[in-house]
Amino acid sequence: MKATTVHSASVLARILEGPLRGFRQDPQQVVVVSIAVVIAYLALSPTLMLFYGSFLSQPLGVAGSFTIAHYRQAYTDPATYGLLFNSFLFATGSSVLATSLAAMLAWIAIRTNAPLRKLFELTAIVPNIFPPVMLAVSWTILLSPRTGLINRLLMDLLGLESAPLNVYSLGGMVFVEALITTPLAFLIVSAALYSMDPALEESARVAGSSNLQVAWRITFPIVRPALLAAVMLNFVRAIESFETPAIIALPARIEVFTTKIYREAIGAFPPNQNLAATYAVSLLLITMFFVYLYRQLTFRAERYVTVTGRGYRPNIIDLGAWRWPASIAAGSILFFIVVLPFVVLLYVSFVTYVHVPGQKTWDLLTLEHYRSNLGDTRTYRALQNSLVLAVTGATLCMLLASVTAWVTTRTKAAGRGLIEALTFIPWAFPGTALAIGLLWTYVYVPLPIYGTLWILLIGYITRFLPYGLRSMTSTVVQLHNDLLEASLVCGAGFGATFRRVLLPLLRPGFIAGWILLATIYLREFSMSIFLYSPGSEPLGPLLYHFYADGNLGPMCALAVIVSGVSVGLILVARRLGKVGTAAEGA
């Protein structure tokens, strides 16, 4: 027995000898292998367990055999084709409308001499700090057929007997989701407009074309890849969205993929996690296909490059008499995207009950909703949980993204292409599908994190790692390898080089990515609603439960507090970044 053990140990040592020798000769391989293992675990474990759950014959946590019964049940049900139709209509309509609004707003704000255009450009990105749940709720307060403020106002003014508008419809969902996703499309389209070489437009004007002809024949074709990319990205964002469907589709009994998954996993009694996993697999495959198309589209966009080594500045188009009409059009878009939702939430947070503003409003003003939130231990716990997730999660995610970006762009290590391919999976993973995959994973994996903050932290890092990678990759490619090689030649290990050389140089991208992730984590909802348990409840589910229980005043007060905390996080992060720069400069 002893001889067998000694023999096995020697065989294992011989097997490991090659890799260990390689690690000793090139310590960089340890980093590459470690990153590969972490990324593979984060990306593959929920994916494989999601498929496993969809093919398992028994419920979550019970051993069973493989079966296709859940797929047969799902796709022999005619209602499934109805939710497919609704999902595609919702995603297509909202993405096209959002991109159209964003294109008009971006063109007016960046390429014309319309008054207040700089203010429009700054205001357009403000909704990124608002919780999407909050924006969807504000439109139900405005357009509900029974109590909507706009409907009540129109009925009083026009003498109507019934509400003219109904947000609880597929059209209402498209409208609200489009307003929520317009800022994302604006960022993509405005970047393309900024990078345009104006020489082509100037040539067209010299040839006698009007501003409208130049916009249609020159500007639009050049930014077409960016427009298509915005449509594609917003389509994926909409089809995986759970915020708008949870607020509008669930009460209206409109079925889309995410509401169906929620009904099967949370709303049904008993819950059918197998069927939820089956629908989540279908949703994952759809989003992966469209994310692949998006990546192909942005990759091929190089055919439309107009930026060269020659210096240039995008010219400003003189609109003449159309300056103010253009400014009014842009201001109207921002009024619906930013001003109106936030004013409504602020108003509801200060009144005793929701009503059309009038003389009696002064008697109904109150701070009670803020007092109830600030004195509620449940709110404090949720705020504490979300802050822990935001600060810790964003920091860990950005550290992982920094090393991953360095491995995939600045090393020639074997397998870096595979690591890059694995990061593609979280990019396409819908929040609801990832949550179901994580549920299946941590019921079987012997780690005691099921129902704790840790499972939320892993889910957040996994899903939003591509956001951090996007920020860090664009920063890492600007660094020359000489800086890192000089540090390594001087005897510093990878850890010391990363801490003392790489991180300080990457700080602008790191801080930008950290701010983006921290604000997303603070208001995250679609995964949290599936993964939280009593004691680990973050702010997103708490906001939704306030809404579902009809506590609109406390819900709006909490949403305003969350927005304030988001702004505070951004200011602190920017301040810390500047402090570091000043210290270094000194």
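All residue numbers in this chain count up from 1 along the given sequence.
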With side chain to side chain contact (heavy atoms under 4.5 Å, CB included) as the criterion, how do T462 and L434 come out once you've worked through the C-alpha distance, each side chain's angles and the decisive distance to 0.1 Å? CA-CA 9 Å; T462 305; L434 179 59; 4.3 Å; yes
In sequence, state the C-alpha distance, the side-chain angles, and the governing distance for I529 and F242, and then conclude on side chain to side chain contact (heavy atoms under 4.5 Å, CB included). CA-CA 10 Å; I529 194 74; F242 185 55; 3.7 Å; yes
Going through the distances and angles, do C556 and I141 end up as a side chain to side chain contact (heavy atoms under 4.5 Å, CB included)? CA-CA 11 Å; C556 291; I141 294 172; 4.0 Å; yes
Please test T112 against W322 for side chain to side chain contact (heavy atoms under 4.5 Å, CB included), starting from the C-alpha separation and ending with a verdict. CA-CA 10 Å; T112 73; W322 289 95; over 6 Å; no
Assess the residue pair F175 and W139 against the criterion (ring pair (Phe, Tyr, Trp, His ring centres under 6.0 Å)); give the C-alpha distance rounded to whole Å, side-chain angles, the decisive distance to 0.1 Å, and a yes or no. CA-CA 10 Å; F175 174 73; W139 281 104; 5.1 Å; yes
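Under the 4.5 Å side-chain criterion, counting only non-hydrogen atoms from C-beta, Y347 is in contact with H355. When side chains are defined from C-beta on, I286 counts as touching L84, because their heavy atoms get closer than 4.5 Å. Put simply, the side chain of Y532 reaches to within 4.5 Å of the side chain of P538, judged on heavy atoms. Contact check for M173 versus V256: side-chain heavy atoms found under the 4.5 Å cut-off. Between S241 and E177 the shortest side-chain heavy-atom distance falls below 4.5 Å. Between H545 and E537 there is a side-chain heavy-atom pair separated by less than 4.5 Å. The side-chain heavy atoms of R263 and P271, taken from C-beta on, include no pair separated by under 4.5 Å. Side-chain contact between L517 and M398: present, with at least one pair of heavy atoms (C-beta onward) separated by less than 4.5 Å.
The two residues T99 and A185 make their nearest non-hydrogen contact at CA-CB, 4.1 Å. Closest of all the heavy-atom pairs between M555 and V133 is CE-CG1, 4.1 Å. For A394 against A518, the heavy-atom pair with the smallest separation is CB-N, 3.8 Å. Heavy atoms only, all atoms of each residue included: L438 and G459 are closest at CD1-CA, 3.5 Å. Considering every non-hydrogen atom in both I108 and A330, the closest pair reads CG2-CB, 3.9 Å. Shown here for R323 and G320, the closest heavy-atom pair between the two residues is CG-O, 3.0 Å.
Atom CG of L143 is separated from atom CG of N166 by 8.5 Å, given to the nearest 0.5 angstrom. Rounding to the nearest 0.5 Å gives a distance of 10.0 Å between CG of N234 and CG of L97. In this structure, L453 CG and L531 CG are separated by 11.0 Å, a value rounded to the nearest 0.5 Å. The CG atom of L469 sits 14.0 Å away from atom CZ of F464, with the distance rounded to the nearest 0.5 Å. Atom OH of Y521 and atom SG of C397 lie 3.5 Å apart (nearest 0.5 Å).
Each of I188, V291, L187 was evaluated against L233; a single residue qualifies, I188, per the side-chain contact (heavy atoms from CB on, under 4.5 Å) test. Exactly one residue among L149, D156, L157, I150 makes a side-chain contact (heavy atoms from CB on, under 4.5 Å) with L153. That residue is L157.
Counting non-hydrogen atoms of neighbouring residues, nucleotides and ligands closer than 6.0 angstrom, the CE atom of M155 exceeds 12 such neighbours. Remark: R152 CZ is loosely packed, at most 12 non-hydrogen atoms of other residues, nucleotides or ligands lying under 6.0 Å away.
Side-chain polar atoms of T80 and Y279 form a donor-acceptor pair below 3.5 angstrom. Using modelled atom types and a 3.5 Å distance limit, the side chains of W514 and T395 yield a donor-acceptor pair. Looking at S566 and S563, their side chains never bring a donor and an acceptor atom within 3.5 Å of each other. In this model, no donor atom of one side chain and acceptor atom of the other lie less than 3.5 Å apart for Y450 and S533. In summary, the side chains of Q359 and T361 do not present any donor paired with an acceptor at a separation below 3.5 Å, with no hydrogens or angles considered.
Under a 3.5 Å cut-off, the side chain of Y168 and the backbone N or O of P251 do not form any donor-acceptor pair. E524 places a side-chain N or O within donor-acceptor distance of the main-chain N or O of M527, the cut-off being under 3.5 Å. In terms of modelled atom types and a separation under 3.5 Å, the side chain of N373 and the main chain of T379 share no donor-acceptor contact.
Residues that satisfy the side chain to side chain donor-acceptor pair (under 3.5 Å) test with E240, not counting sequence neighbours, are R463. Contacts of S349 classified as side chain to side chain donor-acceptor pair (under 3.5 Å), with partners at least two apart in sequence or in another chain: Y370.
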